[in-house]
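Only this structure's heavy atoms are used, side chains among them; waters, hydrogens and symmetry mates stay out. Proteins get letters first, then strands, A, B, ... in listed order; numbering begins at 1 in each.
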Protein chains: 2
Amino acid sequence: MQISMKCSIAIHCLIFIYEAKGIAKVTSNLLAESTGCNPVIIRNIISSLKKAGLISVARGTGGAELCIKPSEITLYQIYNALEPDGLSSLIGIHPCKDRKCPVAQNIQKVLQSPYQKIEDSIKETMKNITLQSMIDDFHMIVN
Amino acid sequence: MQISMKCSIAIHCLIFIYEAKGIAKVTSNLLAESTGCNPVIIRNIISSLKKAGLISVARGTGGAELCIKPSEITLYQIYNALEPDGLSSLIGIHPCKDRKCPVAQNIQKVLQSPYQKIEDSIKETMKNITLQSMIDDFHMIVN
DNA sequence: AAAAGATGTAAATATTAATATTACATCATA
DNA sequence: TATGATGTAATATTAATATTTACATCTTTT
């Protein structure tokens with residue numbers, strides 16, 4: 001499992017939703033058009049963000065809106081909303097526990113601490129990146 | 001692209017090579033047996049580690065040995081040996097630059113800084129983890 | 001000098017994971 | 001009730017990984 005395009009698409013959607021506020025109703029088709037991916041992919045991502053409480057989506061009439069101020073939405077929240085298993089699925093370990101070799105039997109335990117450190121550092125970094133900062137960057141780049 | 005099993009397998013091999021020193025000749029078949037994966041996979045990983053100067057492999061007669069002290073081999077070196085594109089391939093961005101939407105046109109630039117921060121933090125963490133520390137952990141667990 | 005046992009790689013295949021599509025039930029407003 | 005939207009399951013497609021096969025090459029031993 002990687003930090004997949006889903007995360008990038010989600011950020012794209014959130015910025016779009018923010019920018020479109022008061023201008024246009026943000027439907028999954030509109031987001032699909034902007035991101036270049038399928039409406040169902042969008043609906044799934046949108047659905048995850050909704051479950052995480054980051055956005056609200058009007059059923060029937062349609063349209064997505066932010067529930068929380070961009071300054072209070074972190075990249076970690078976004079990532080976590082999308083990946084139910086979180087960062088623990090980021091790094092793969094080969095299965096070899098049932099072998100005779102003592103290295104094989106213990107490699108999983110040996111790797112646990114280093115990999116945990118990596119996950120923790122990603123988590124910390126993600127927590128320090130807000131949607132607001134990305135929106136600010138967007139405005140900076142556009143103007 | 002993820003931080004794949006290759007990395008775990010490489011660490012497995014390096015610990016094995018260290019532990020086997022003076023006891024057995026470490027061939028790709030032996031490593032394949034211990035890790036549970038194919039000898040060709042092992043030979044490819046071993047080849048990468050060799051190119052990175054971490055180990056030396058005797059041609060013909062066979063057998064791998066560490067070239068550098070475990071305390072001077074970092075997880076970052078190991079990872080980099082295996083992934084030619086490095087961490088920059090870790091996080092995916094959806095292609096949408098050719099669209100009319102201003103968000104689509106600029107999302108790539110917006111994402112660059114956050115993703116760079118994540119990569120840097122992984123890099124820093126990996127640099128602080130040595131093969132020696134993992135070998136120490138291994139001994140601690142076994143005894 | 002040839003046999004044995006290794007590595008080094010290319011190429012073909014198989015497997016698995018990620019992404020996209022189709023289809024349809026459900027919902028809310030005009 | 002027609003329209004345009006969301007929600008989600010099932011399936012198909014594509015791309016990334018891993019495996020296998022095959023064989024050239026290398027070095028020591030006999």
Side-chain angles (χ1 to χ4, degrees), chain A residues 1-10 12-13 17 20 24-52 54-65 79 81-85 88-96, chain B residues 1-10 12-13 17 20 24-33 35-52 54-65 67 79 81-85 88-96:
Chain A
M1 196 79 55
Q2 58 171 148
I3 300 178
S4 67
M5 276 170 24
K6 266 206 292 188
C7 188
S8 303
I9 296 169
H12 185 145
C13 291
I17 291 168
K25 186 176 72 169
V26 183
T27 66
S28 58
N29 276 322
L30 192 54
L31 288 170
E33 176 57 33
S34 173
T35 57
C37 65
N38 195 277
V40 177
I41 300 283
I42 297 295
R43 290 211 281 270
N44 283 328
I45 290 171
I46 283 301
S47 169
S48 298
L49 296 174
K50 185 181 162 189
K51 277 175 192 152
L54 303 184
I55 60 176
S56 66
V57 182
R59 192 83 205 267
T61 168
E65 289 199 353
Y79 176 78
L82 302 169
E83 305 292 348
D85 295 343
S88 64
S89 56
L90 185 63
I91 312 175
I93 300 182
H94 57 296
C96 62
Chain B
M1 196 80 56
Q2 59 169 147
I3 300 178
S4 67
M5 275 170 25
K6 266 206 292 188
C7 188
S8 303
I9 297 169
H12 185 145
C13 290
I17 291 167
K25 185 176 71 170
V26 182
T27 66
S28 58
N29 276 321
L30 191 55
L31 287 169
E33 175 57 31
T35 57
C37 64
N38 194 279
V40 176
I41 300 283
I42 297 295
R43 291 210 281 267
N44 283 328
I45 290 172
I46 283 301
S47 170
S48 299
L49 296 174
K50 184 182 162 188
K51 276 174 194 152
L54 303 184
I55 61 175
S56 65
V57 182
R59 195 80 206 268
T61 167
E65 287 201 353
C67 291
Y79 176 78
L82 302 169
E83 306 292 346
D85 294 343
S88 64
S89 57
L90 185 63
I91 312 175
I93 300 182
H94 56 296
C96 61

- Item | Length of the line joining Arg59(A):CZ and dT29(C):P, which is rounded to integer Å | 12 Å
- Rounded to whole Å, CE of Met5(A) lies from P of dA15(D) at a distance of 11 Å
- Query: Tell me: CD1 of Ile42(A) to C1' of dA20(C), nearest whole Å?
  - Reply: 12 Å
- His12(A) atom NE2 is separated from dT19(C) atom P, nearest whole Å, by 16 Å
- Could you please name the option among dA5(D), dA18(D), dG7(D) that lies closest to any side-chain atom of Lys6(B)? dA18(D)
- Query: Does the side chain of Cys37(A) reach to within under 4.5 Å of the side chain of Ile9(A), using non-hydrogen atoms?
  - Reply: yes
- Looking only at heavy atoms, what is the nearest atom pair of Cys7(B) and Leu82(B), with distance? CA-CD1, 3.5 Å
- Item | Value in whole Å for how far the P atom of dT3(D) lies from CG of Asn29(A) | 17 Å
- Query: The side chain of Ile41(A) lies closest to which of these nucleotides: dT19(C), dG8(C), dT19(D)?
  - Reply: dT19(C)
- Task: Give the nucleotide from the list dT6(D), dT21(C), dG8(C) with an atom nearest to the side chain of Ser28(A).
- Result: dT6(D)
- Taking OP1 and OP2 of dT20(D), is either one under 4.0 Å from a side-chain nitrogen or oxygen of Asn38(B)? yes
- Note on the structure: To the nearest angstrom, the NE2-C1' distance between His94(A) and dT16(C) comes to 18 Å
- Start at the 5' end of DNA chain C and walk down; is the nucleotide closest to Val40(B) or to Lys25(B) reached first? Lys25(B)
- Task: Go through dG8(C), dT6(D), dT8(D) for me and flag the one nearest to the Asn44(A) side chain.
- Result: dT8(D)
- Task: Step by step, work out the side-chain contact (heavy atoms from CB on, under 4.5 Å) result for Val26(B) and Ile46(B).
- Result: CA-CA 11 Å; Val26(B) 182; Ile46(B) 283 301; over 6 Å; no
- Message: Minimum heavy-atom separation for Ile93(A) and Met5(B), please, with both atom names.
- Response: C-CG, 3.7 Å
- Give the C-alpha distance, both sets of side-chain angles, the deciding distance and a yes or no for side-chain contact (heavy atoms from CB on, under 4.5 Å) between Thr35(A) and Cys96(B). CA-CA 6 Å; Thr35(A) 57; Cys96(B) 61; 5.5 Å; no
- From CD1 of Ile9(B) across to C1' of dT19(D) the rounded distance in Å is 12 Å
- Between atom CG in Leu90(B) and atom P in dA18(C), what is the gap in whole Å? 13 Å
- Query: So, is Lys50(A) near the phosphate of dG7(D), with a side-chain N or O under 4.0 Å from OP1 or OP2?
  - Reply: yes
- Item | Which nucleotide in dG7(D), dT19(C), dG8(C) has an atom nearest any side-chain atom of Arg43(A) | dG7(D)
